[in-house]
Amino acid sequence: MPPPLKIQHLRQFLLAADNGSFRLAAEGTFRSQAAVSAAMQDLEQQLGAPLFEPGKRAQLTPLGIAVAPLFRELLATHDRVLDAARQFGLGSQGPVSLAVMPSLADEWLPRLLERYARSHPAIRIRAIDESSQDVHRLVLSGEVQVGVAGQVPRTAEVAFAPVARDAFGLVCRKSHPLARRRGPVPWSALEGERLIGNATFDTLKNRRLGAAIEDPFMVVSNRASLLASVVSGLGVTVLPVLARPTAASGLAFVPLAEPTVERIVGVLTRKEETLLPSVAAMHELALRSLSQFTRRKGAILV
């Protein structure tokens with residue numbers, strides 16, 4: 001099998017052919033003129049015939065004219081592939097897929113995506129919201145590269161980086177009697193309320209928090225629709241601190257106690273698997289952004 005053509009030789013050949021000068025080819029590739037002449041002789045030996053007319057200043061032979069377009073195409077392909085590979089290595093190319101639990105999908109996730117897209121404008125991003133169990137499943141299967149979820153039973157293949165210790169509270173209209181009480185209210189205070197369930201109730205079930213938690217009046221999975229239902233007076237709901245409504249919503253958030261129920265929220269990746277640089281940047285930003293969001297919402301950093 002003949003030795004492969006050297007990219008540097010092809011670059012020097014095309015510079016010499018385009019400029020009619022070995023000197024300019026040498027300057028353009030930061031080599032001596034003697035080194036370029038030797039490279040052209042080596043290239044001619046590989047092809048088996050002269051590329052330049054003897055004794056004439058970098059004038060192409062018919063063979064040189066014939067192969068110049070081929071060398072130009074090969075060099076362009078090499079440069080394009082090398083640039084694309086470098087972009088992957090620098091983290092400015094490469095797909096990123098992310099799964100986030102629903103309680104963070106409305107308020108935190110858009111801010112994360114906006115920050116990432118601003119610093120990585122060429123990256124294609126796929127973001128979905130799923131329950132914590134499904135986020136773990138998607139990371140484990142490799143369907144997404146980064147997950148943000150509550151902690152579920154550990155698996156050997158998934159790395160979990162804890163960020164927040166997230167408690168729960170009652171969400172109701174500010175005119176609700178429980179909103180006027182000072183300090184936390186017990187879970188038993190929810191008995192007799194028209195409780196609207198949501199995706200986070202999977203965390204609360206089987207904890208002996210009362211029949212209202214086990215069998216809510218209705219279930220609304222979409223957070224925006226859930227808060228609108230509370231605003232309209234359909235009932236009250238329970239959300240974690242990280243999903244507490246903003247002051248502009250007109251709703252109150254009353255911490256629940258007796259007992260205090262918490263969940264650990266963190267960022268997931270597959271263990272012992274090197275991340276693409278673009279994915280590693282998303283992972284790092286998710287950790288940093290979630291920490292900042294935790295402080296702002298009043299949850300506890302782990």
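Any value given below was found using the heavy atoms of this structure, including those in side chains, with hydrogens, waters and symmetry copies removed.
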Inset, instruction - Verify the neighbour count for atom CD of Q33: are there more than 12 heavy atoms of other residues, nucleotides or ligands below 6.0 Å? - result: yes
Legend entry - Interatomic distance, R180 atom CZ to S175 atom OG [nearest 0.5 angstrom]: 6.5 Å
Inset, instruction - Could I get the full list of salt bridge (Lys or Arg N to Asp or Glu O under 4.0 Å) partners for R118, not counting sequence neighbours? - result: E114
Inset, instruction - Determine yes or no for a side-chain-to-main-chain donor-acceptor pair under 3.5 angstrom, with S289 supplying the side chain and A286 the backbone. - result: no
Legend entry - Non-neighbouring partners of F52 that pass ring pair (Phe, Tyr, Trp, His ring centres under 6.0 Å), sequence neighbours left out: F13, F22
Legend entry - Hydrophobic cluster identity match, L268 and V146, side-chain contacts under 4.5 Å: no
Legend entry - Expected output: side-chain T294 to main-chain I300 donor-acceptor under 3.5 Å: no
Inset, instruction - Give, for atom NZ of K271 and atom CD of E157, the distance between the pair rounded to the nearest 0.5 Å. - result: 8.5 Å
Legend entry - Approximate separation, where rounding is to 0.5 Å, of L74 CG and D79 CG: 9.5 Å
Legend entry - same_hphob_cluster(V267, I128) at 4.5 Å side-chain heavy-atom cutoff: no
Inset, instruction - Return the minimal non-hydrogen interatomic distance between A149 and S132, and the atom names on each side. - result: CB-OG, 3.6 Å
Inset, instruction - Quick one: pull up NE2 in H78 and CZ in F71 and give me the separation to the nearest 0.5 Å. - result: 14.5 Å
Legend entry - Close side-chain approach of D166 to I264, heavy-atom, < 4.5 Å: no
Inset, instruction - Indicate yes or no: does R137 engage E130 in a salt bridge with an N to O separation below 4.0 Å. - result: no
Inset, instruction - Have a look at L63 and tell me which of V67, L60, I65 forms a side-chain contact (heavy atoms from CB on, under 4.5 Å) with it. - result: V67
Inset, instruction - Answer with yes or no whether the hydrophobic clustering places L170 together with M218; edges join I, L, V, M, F, W, Y residues whose side-chain heavy atoms lie under 4.5 Å apart. - result: no
Inset, instruction - Check whether any side-chain heavy atom of L112 lies under 4.5 Å from a side-chain heavy atom of F293, and answer yes or no. - result: no
Inset, instruction - Look only at the side chain of H136 and the backbone of S131, and say whether a donor-acceptor pair between them is shorter than 3.5 Å. - result: no
Inset, instruction - Rounded to the nearest 0.5 Å, what's the gap from CG on L239 to CZ on R244? Could you check? - result: 10.5 Å
Legend entry - Distance-only side-chain donor-acceptor flag, Q46 / H9, under 3.5 Å: no
Inset, instruction - For R126, look at atom CZ and say whether over 12 heavy atoms of other residues, nucleotides or ligands are found less than 6.0 Å away. - result: no
Inset, instruction - Evaluate whether atom CZ of R124 has more than 12 neighbouring non-hydrogen atoms of other residues, nucleotides or ligands under 6.0 angstrom away. - result: no
Inset, instruction - Please examine the side chains of I213 and L195, heavy atoms only from C-beta on, and report whether any two atoms are closer than 4.5 Å. - result: yes
Inset, instruction - Using only heavy-atom distances, determine whether the side chains of T200 and N198 contain a donor-acceptor pair under 3.5 Å. - result: yes
Inset, instruction - Answer yes or no: is there a donor N or O on one side and an acceptor on the other, between the side chain of D129 and the main chain of A105, under 3.5 Å? - result: no
Legend entry - Heavy-atom neighbours of Q133 CD exceed 12 at 6.0 Å: no
Inset, instruction - State, yes or no, whether a side-chain contact exists between L204 and W187 at a heavy-atom distance under 4.5 Å. - result: yes
Legend entry - Euclidean distance, L276 CG relative to M282 CE, rounded to 0.5 Å: 12.5 Å
Legend entry - Cluster link L209 to F168, ILVMFWY, side chain under 4.5 Å: yes
Legend entry - Main-chain N/O of L51 paired to E44 side chain as donor or acceptor, under 3.5 Å: yes
Legend entry - 4.5 Å side-chain heavy-atom contact, V220 and T237: no
Legend entry - E262 side chain to A167 backbone, donor-acceptor under 3.5 Å: no
Inset, instruction - Consider only side-chain heavy atoms of I, L, V, M, F, W and Y, link residues closer than 4.5 Å, and tell whether L109 and I125 are in one cluster. - result: yes
Inset, instruction - Please check if the side chain of N19 supplies one atom and the backbone of S21 the other of a donor-acceptor pair under 3.5 Å. - result: no
Legend entry - Main-chain N/O of L234 paired to R194 side chain as donor or acceptor, under 3.5 Å: yes
Inset, instruction - Look only at the side chain of E191 and the backbone of A211, and say whether a donor-acceptor pair between them is shorter than 3.5 Å. - result: yes
Legend entry - Donor-acceptor contact below 3.5 Å, side chain S249 vs main chain T246: yes
Inset, instruction - Give a yes or no on whether a salt bridge exists between D202 and R263, defined as a side-chain N under 4.0 angstrom from a carboxylate O. - result: no
Inset, instruction - Answer yes or no: are there more than 12 heavy-atom neighbours, outside R165 itself, under 6.0 Å from its atom CZ? - result: no
